[in-house]
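Worksheet for the structure shown next.
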Amino acid sequence: MTETGFSSFDTMVDRANRLLREIEQANGWPKDRRKQSYAALRAVLHLLRDRLSVDGAAHFGAQLPTLIRGIYYDGWRPSETPVKLSGEEFLQRVRNDFPYAVDGGIERVVHTVLEALERHVSEGEWDHLKSSLPKSLASVLL
């Protein structure tokens with residue numbers, strides 16, 4: 001656990017690191033590739049956020065661990081959402097935003113990020129997220 005001297009901050013950092021570790025472990029990446037797990041998380045979060053309605057994005061964001069919520073909202077332009085994307089377009093945009101070559105391809109990376117996120121939000125919110133996405137996108141992602 002990271003020690004900042006302030007227990008609330010320590011807890012926030014620990015939760016964020018736990019989520020990044022889950023992504024690394026699912027992809028078989030060592031801890032020294034933390035920048036890679038962060039880049040994967042950020043790319044998926046931003047595209048997911050931009051695909052949701054403003055209300056849907058806010059509801060989902062409220063469920064995220066505090067530091068992850070900051071990543072999620074970073075650079076958000078609610079007036080420009082939702083952005084219409086097919087499943088293939090979503091994967092291509094993640095590929096464009098994720099500058100690393102990985103075994104298993106970008107679809108595997110997206111799935112491991114989504115599986116990690118699912119463990120950090122309520123089941124009801126996850127179900128709501130899935131029902132908010134068009135079937136063509138949900139079938140590729142979730």
Side-chain angles (χ1 to χ4, degrees), residues 1-4 6 8-142:
M1 182 169 191
T2 302
E3 296 293 326
T4 64
F6 185 56
S8 292
F9 284 3
D10 292 341
T11 300
M12 287 186 278
V13 171
D14 187 50
R15 286 182 181 159
N17 278 322
R18 191 174 330 133
L19 192 131
L20 292 171
R21 246 187 333 269
E22 289 173 18
I23 294 167
E24 290 159 3
Q25 289 171 349
N27 285 294
W29 301 336
K31 184 180 178 180
D32 65 352
R33 290 172 75 177
R34 180 64 42 102
K35 288 181 182 178
Q36 189 167 306
S37 59
Y38 170 80
L41 176 64
R42 189 175 197 280
V44 171
L45 280 174
H46 283 187
L47 285 169
L48 191 57
R49 172 204 70 199
D50 291 347
R51 181 57 189 95
L52 296 170
S53 68
V54 172
D55 283 348
H59 285 287
F60 182 70
Q63 293 269 319
L64 296 171
T66 306
L67 288 180
I68 304 305
R69 191 178 315 138
I71 297 165
Y72 178 73
Y73 284 118
D74 184 43
W76 189 33
R77 295 186 177 127
S79 64
E80 297 176 12
T81 59
V83 175
K84 306 291 185 202
L85 295 169
S86 69
E88 289 304 314
E89 290 168 327
F90 187 97
L91 293 172
Q92 184 57 51
R93 291 207 31 205
V94 171
R95 175 74 263 161
N96 294 343
D97 293 345
F98 181 73
Y100 301 94
V102 295
D103 293 336
I106 201 65
E107 192 166 344
R108 178 170 181 224
V109 170
V110 169
H111 283 277
T112 60
V113 169
L114 292 171
E115 288 167 1
L117 287 170
E118 183 177 6
R119 290 187 290 275
H120 292 268
V121 299
S122 72
E123 184 178 340
E125 185 57 41
W126 194 256
D127 290 342
H128 185 263
L129 170 73
K130 290 191 305 189
S131 69
S132 299
L133 296 173
K135 288 183 193 227
S136 64
L137 181 57
S139 67
V140 172
L141 302 180
L142 307 169

Check: [Y] main-chain N/O paired with [X] side-chain donor or acceptor under 3.5 Å:
| X | Y | result |
| --- | --- | --- |
| Gln63 | Ser122 | yes |
| Asn27 | Ile23 | yes |
| His46 | Val94 | no |

Which pair of heavy atoms, one from [X] and one from [Y], lies closest together, and at what distance?
| X | Y | value |
| --- | --- | --- |
| Pro82 | Leu52 | CB-O, 3.5 Å |
| Trp76 | Ala57 | CZ2-CB, 3.7 Å |
| Tyr73 | Ala62 | OH-N, 4.2 Å |
| Leu19 | Ala116 | CD1-O, 4.1 Å |
| Pro65 | Arg15 | CB-CB, 4.2 Å |
| Phe90 | Leu137 | CB-CD1, 3.6 Å |

Task: Heavy atoms from other residues, nucleotides or ligands near NE2 of His128 exceed 12 (cutoff 6.0 Å) - done: no

- [ ] For atom CZ of Arg77, decide whether the heavy atoms of other residues, nucleotides or ligands shown that lie under 6.0 angstrom number more than 12.
- [x] no

Task: CG-CD distance between Asp97 and Gln92, expressed to the nearest 0.5 angstrom - done: 10.0 Å

TODO: Calculate, to the nearest 0.5 Å, the distance between atoms CE and CD1 belonging to Met12 and Ile68 respectively.
DONE: 11.5 Å

Open item on the list: Using side-chain heavy atoms (C-beta onward) and a distance below 4.5 Å, is Phe9 in contact with Leu67?
Closed with: no

Residues 98-111 side chain polar contacts: donor-acceptor under 3.5 Å, at least two apart:
{"from": "Arg108", "atom 1": "NH2", "to": "Ala26", "atom 2": "O", "distance (Å)": "2.6"}
{"from": "His111", "atom 1": "ND1", "to": "Leu141", "atom 2": "O", "distance (Å)": "3.4"}
{"from": "His111", "atom 1": "NE2", "to": "Val140", "atom 2": "O", "distance (Å)": "3.0"}

TODO: Apply side chain to side chain contact (heavy atoms under 4.5 Å, CB included) to Leu117 and Leu64, showing your working.
DONE: CA-CA 8 Å; Leu117 287 170; Leu64 296 171; 3.9 Å; yes

- [ ] Dump the intermediate steps for side chain to side chain contact (heavy atoms under 4.5 Å, CB included) on Thr11 and Thr66, then the final yes or no.
- [x] CA-CA 10 Å; Thr11 300; Thr66 306; over 6 Å; no

- [ ] Could you list the residues that satisfy side chain to side chain contact (heavy atoms under 4.5 Å, CB included) with Asp32, not counting sequence neighbours?
- [x] Pro30

Task: Candidate list Glu22, Glu125, Arg18, test side-chain hydrogen bond (donor to acceptor under 3.5 Å, both in side chains), partner His120, passing option - done: Glu22

TODO: Determine which pairs satisfy salt bridge (Lys or Arg N to Asp or Glu O under 4.0 Å) with at least one residue from residues 34-52, sequence neighbours left out, and list them in order.
DONE: Glu24-Arg34, Arg42-Asp74

